[in-house]
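First up is the structure itself, then whatever we jot down about it.
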Amino acid sequence: MDYQFKEIEQKWQKFWAQNQTFKAETDSAKPKFYVLDMFPYPSGAGLHVGHPLGYIASDIFSRYKRLKGFNVLHPMGYDSFGLPAEQYAIQTGQHPAVTTEANINTYRKQLDGIGFSFDWSREVRTSDPEYYKWTQWIFMQLFNSWYNLETDRAEDISTLIEKFNAAGTADVKAVCDEDTLNFMPSDWATMTEEERQEELLKYRLTFLKESTVNWCAALGTVLANDEVKDGFSERGGHPVEQKKMMQWSMRISAYAERLLQGLNTIDWPEPVKEIQRNWIGKSIGASVRFAIEPSAEITELSQDYIEVFTTRVDTIFGVSYLVLAPEHELVAQVTTVAQQNDINNYIAQTKKKSELDRMADVKTVSGAFTGSYVINPVSGERIQLWIADYVLAGYGTGAVMGVPSGDQRDWLFARHFNLPIVQILDAQQDIENQADATKEGKYINSGFINGMNYAAATETLNAWLEEKEVGKAKINYRMRDAIFGRQRYWGEPIPVYFKDGLPYLIKEEELPLMLPEIDKYLPTETGEPPLARAEGWKYEDQYEYEMSTMPGWAGSSWYWYRYMDAKNDSDFASKDAIAYWKDVDLYIGGSEHATGHLLYSRFWNKFLKDLGYVKEEEPFKKLINQGMIQGRTNFVYRVIDEEGRSTNKLVSHGLKKDYKTSALRVDVNIVDNEILDIAKFKLFRPEFVDAEFILENGKYICGVEVEKMSKSYFNVVNPDILIESYGADTLRMYEMFLGPLEQSKPWNTNGIEGVFKFLRKFWRLFHNDAMTFHVNDSVPSKAELKALHKIIKKVQDDVERFSFNTSVSGFMIAVNELTDLKCKNRQILEDLVIILSPYAPHVCEELWSLLGHEEGSLSYTPYPTFNPAHLVEDEFSYPISVNGKTRLNLSISLTWEPKEIEELVLANEDVQKYLDGKAPKKVIVVKGRIVNVVL
RNA sequence: GCUCAGAUGGUGGAACUGGUAGACACGCAGGACUUAAAAUCCUGUGACCUUAAAAGUCGUGCGGGUUCGAUUCCCGCUCUGAGUACCA
């Protein structure tokens, strides 16, 4: 029988499911290996050919590791809370749980069709109460913790209370809100319960605080910074504005330094690490206080100084003005009557500018003088205080010192508003025409640091500022605390209720706090989140629950631990399971999660480690980003007549330059190798039933462009169709064959036939001309062993370095060689089946059982051992260059010593001819092989 | 603007640490089988110059450099993709 992929694949998929072939046991004598995929959000559209790319790679790796004797954990689940299901629910009234369930079933069917070796007994779904119970539990641990800078880790809030009792805030070094009180133990003792709770909230790692948030009116919710792209929501592209709101946040800033340092310990793609480094945005500098000059006009000041952050404290003698962000809280207080109009106009003008305009308009210099002055603490100089929108309220202190000679932006500002430009380093050049940011040379015009170099000046100034208590060296991070609440329905309820306006956790044994049923999924008329619609939903029948739910990243920030022990109902995972599986050895997924999921997961992992629940500081040892598969859109060209109307005439791509045309996207599934199937096209576009086609060589050739894969571009390729016509094994190998895993590439089906032919050829190796199974037990020939061991080595090397595309080529070569050798040898073919099985598991299982082995035993059979001896040849021919140019081929025996070869090569007639009697200058030998003779 | 990645035949891409560039596949051309087509199999396929054949010259975005030898390393440039951006 010829290669019947359909029967074979169905048979083995059923077998694996029934026998739970890939169920991983926690107590194993084998070494563990944890291979994780980023679990999908089950969208209504199902999988397209781009989705499984990473899954196929991880599956190959998992199967390979099993053959290599590892106990492999390779689970899958669904990130099933999220906006699309809720948007759909708002439109249709269908409960998100219902649509989510339906989508999951579609996904499962599609995934099963590709033959993955997932351990489905460990499946997780973030929207399952048995799962989100533990997401809520982690939230409670965060609420009950504070970050102690002395021990540099999170601790239970009780240790903070002990400190308050013992010595008040005196020896508390914590990451906390800025408005914490300083108090004595006696003060703490006299505080009411409410006052204490209010104070503790400023230290908790999840906390409620009035903060500026990204509010998206269209979605009716706040968004985290990483969910906003260029002033629009990442999902849906709706406008986002800044708004002050009472919000739950996570104190991720406490972990900024550890998140940064940890990057050096993990094997991740450099771009992702770089993105995280930028996101954390560490800058080393100093904060300096400039006293506001007292004046009769400014009477009510909440503070009498302005604090700036600078990375170049050494330039402080060159400061010629100070700038506040227009949103800075002191602006109203320091503006003089005379300048009131200017300032008001400027603020109004800034507000009108959208976020996008403000970014596009970086060239224009703008600002307004407040009328007030500040005093430079080091020089005592009186300098003007301005506002300008190039200063961002959200970064640093929202105030900067302007040093025109050292910073181009400050230079432009000074030039525009006629402010002084002072040279501060003798090495600065041409500061009449532009700023010079050099750190070279000695300081001039700089008071007590005159004559010093950069390092000495910085050190001196920092010490001076600290001593005078007007500033100090400071490290600033760009990363903000993560907003945690979402005004949405389809997410984890936050396990909190309110008493006297203060939040309290529900009891642990009351978890999970179930998502209540509501009639509509919209916010209430009064603008409260959808959960406010839940009738009678009160804690102990009297206290209001928190109405917002958790963001999408909550459930995905710890899910890899749940897979370790997915059914546990007394812990998020048992201590034994965590001790055994430890961390993820290989994580494959897209790089688009760099500042979201991948950062939050590291944060929660570090937190759980601080509390002793998990073992490892970093959750994902190695990360691989699979490239995105783009769509390849096909176009047909409609001829436009002289009046500019589109006609019913379609011209082939190669001839379109002779006509005026308009392009029209056409379904890629009716185009083969850019040749349009005209009959199917007429069905696809019935308005072209009578269309005329201008052909080239009798064919209609379509145009091509690479675009995002999307339904509306008619360029979506569904894996099911390919599995139907070629089988899952072909699809798996073809997706790998397409190119390097990490590279983005457009999908095209042009080469899939080649992979299919390969699998059929492989199948035929085991069959005689009548297509009945046939192998023999002869002794393998030298040539056969060579072909086999070449591929064993190649695939092993390729898999270890994630170069799956090249090993597919390797298999093709091996099968071609063995076909040419008419190899029917059982031993050779068995080994070949084993090494191919991670790539094409179905056909290999079938052949394995035809070879007489127990069904299903293939997945755990030891990988064949590579023996280099089989690759050694008795005699081979290789070229020798003379002066770097290829000149001659010589036959050499490998048994010869290098010295011996050298002598023989030099004695060779042809070499002699080139040498022309002279001795060679140099003979270059690489790995015992002469490659070049230099005359 | 900054950071990172990349540029190899008609196409996707190989070449792992500098050592026969273009593996493997697609496409194309020719051939076999066939009444014919499809399918299958075989042969050829970087460019140039020649030839009966062999050989030769050029060739990995562009210009330089290091080296006996460079797709690979270094310097400068062009282009493409990704990330990021008044970050003080």
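So you know, we letter chains A, B, ... as the sequences are listed, proteins then strands, and number each from 1. This structure is a prediction, so every number in the text was calculated from the model and none was measured.
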Contacts under 3.5 Å, N or O only, protein and nucleotides 11-13 of chain B:
{"residue": "B:G12", "atom": "O2'", "partner": "A:Leu738", "partner atom": "O", "Å": "2.9"}
{"residue": "B:G13", "atom": "OP1", "partner": "A:Gln743", "partner atom": "NE2", "Å": "2.6"}

Taking the minimum atom-to-atom distance to the side chain of [X], which one of [options] wins?
X: A:Arg801; options: B:U40, B:A88, B:C16; result: B:C16
X: A:Thr806; options: B:C87, B:C24, B:A14; result: B:A14
X: A:Leu392; options: B:A88, B:A15, B:A23; result: B:A88

- [ ] Quick one: list whatever passes side chain to side chain donor-acceptor pair (under 3.5 Å) with A:Glu753, sequence neighbours left out.
- [x] A:Tyr726
Open item on the list: Heavy atoms only, 4.0 Å cut-off, all strands: where does A:Arg277 land among base, sugar-phosphate and nothing?
Closed with: nothing
- [ ] For A:Asn816, report the nucleic acid contact type (base, sugar-phosphate, nothing); a contact means any heavy atom under 4.0 Å.
- [x] sugar-phosphate
Task: Separation of the P atoms in B:C26 and B:A39, to the nearest angstrom - done: 13 Å
- [ ] Please name all residues satisfying ring-ring contact (aromatic ring centres under 6.0 Å, His included) with A:Tyr64, sequence neighbours left out, ordered by chain then number.
- [x] A:Tyr863
Open item on the list: Run the ring-ring contact (aromatic ring centres under 6.0 Å, His included) test against A:Phe417 and tell me which residues pass, sequence neighbours left out.
Closed with: A:Trp386, A:Phe413
Checking [X] now: which residues fulfil side-chain contact (heavy atoms from CB on, under 4.5 Å) with it, not counting sequence neighbours?
X: A:Ile475; answer: A:Lys282, A:Ile284, A:Tyr477
X: A:Ile275; answer: A:Ala594, A:Thr595
X: A:Arg277; answer: A:Leu260, A:Leu263, A:Asn264, A:Glu270, A:Lys273, A:Glu274
X: A:Ala414; answer: A:Tyr321, A:Pro404, A:Leu419, A:Ile421

Using a cut-off of strictly less than 4.0 Å, decide whether [X] has a side-chain nitrogen or oxygen near OP1 or OP2 of [N].
X: A:Arg409; N: B:G1; value: no
X: A:Lys757; N: B:C26; value: yes
X: A:Tyr395; N: B:A88; value: yes

TODO: Give the rounded distance in Å between these two atoms: NE2 of A:His328 and C1' of B:C86.
DONE: 17 Å
Task: Stems involving RNA chain B, each a run of at least 3 consecutive Watson-Crick or G-U pairs under 3.5 Å - done: B:1-7 with B:78-84, B:10-12 with B:24-26, B:27-32 with B:40-45, B:46-48 with B:56-58, B:61-65 with B:73-77
Open item on the list: Between A:Lys793 and A:Asp797 (salt bridge meaning N to carboxylate O under 4.0 Å), is one present in this structure?
Closed with: yes
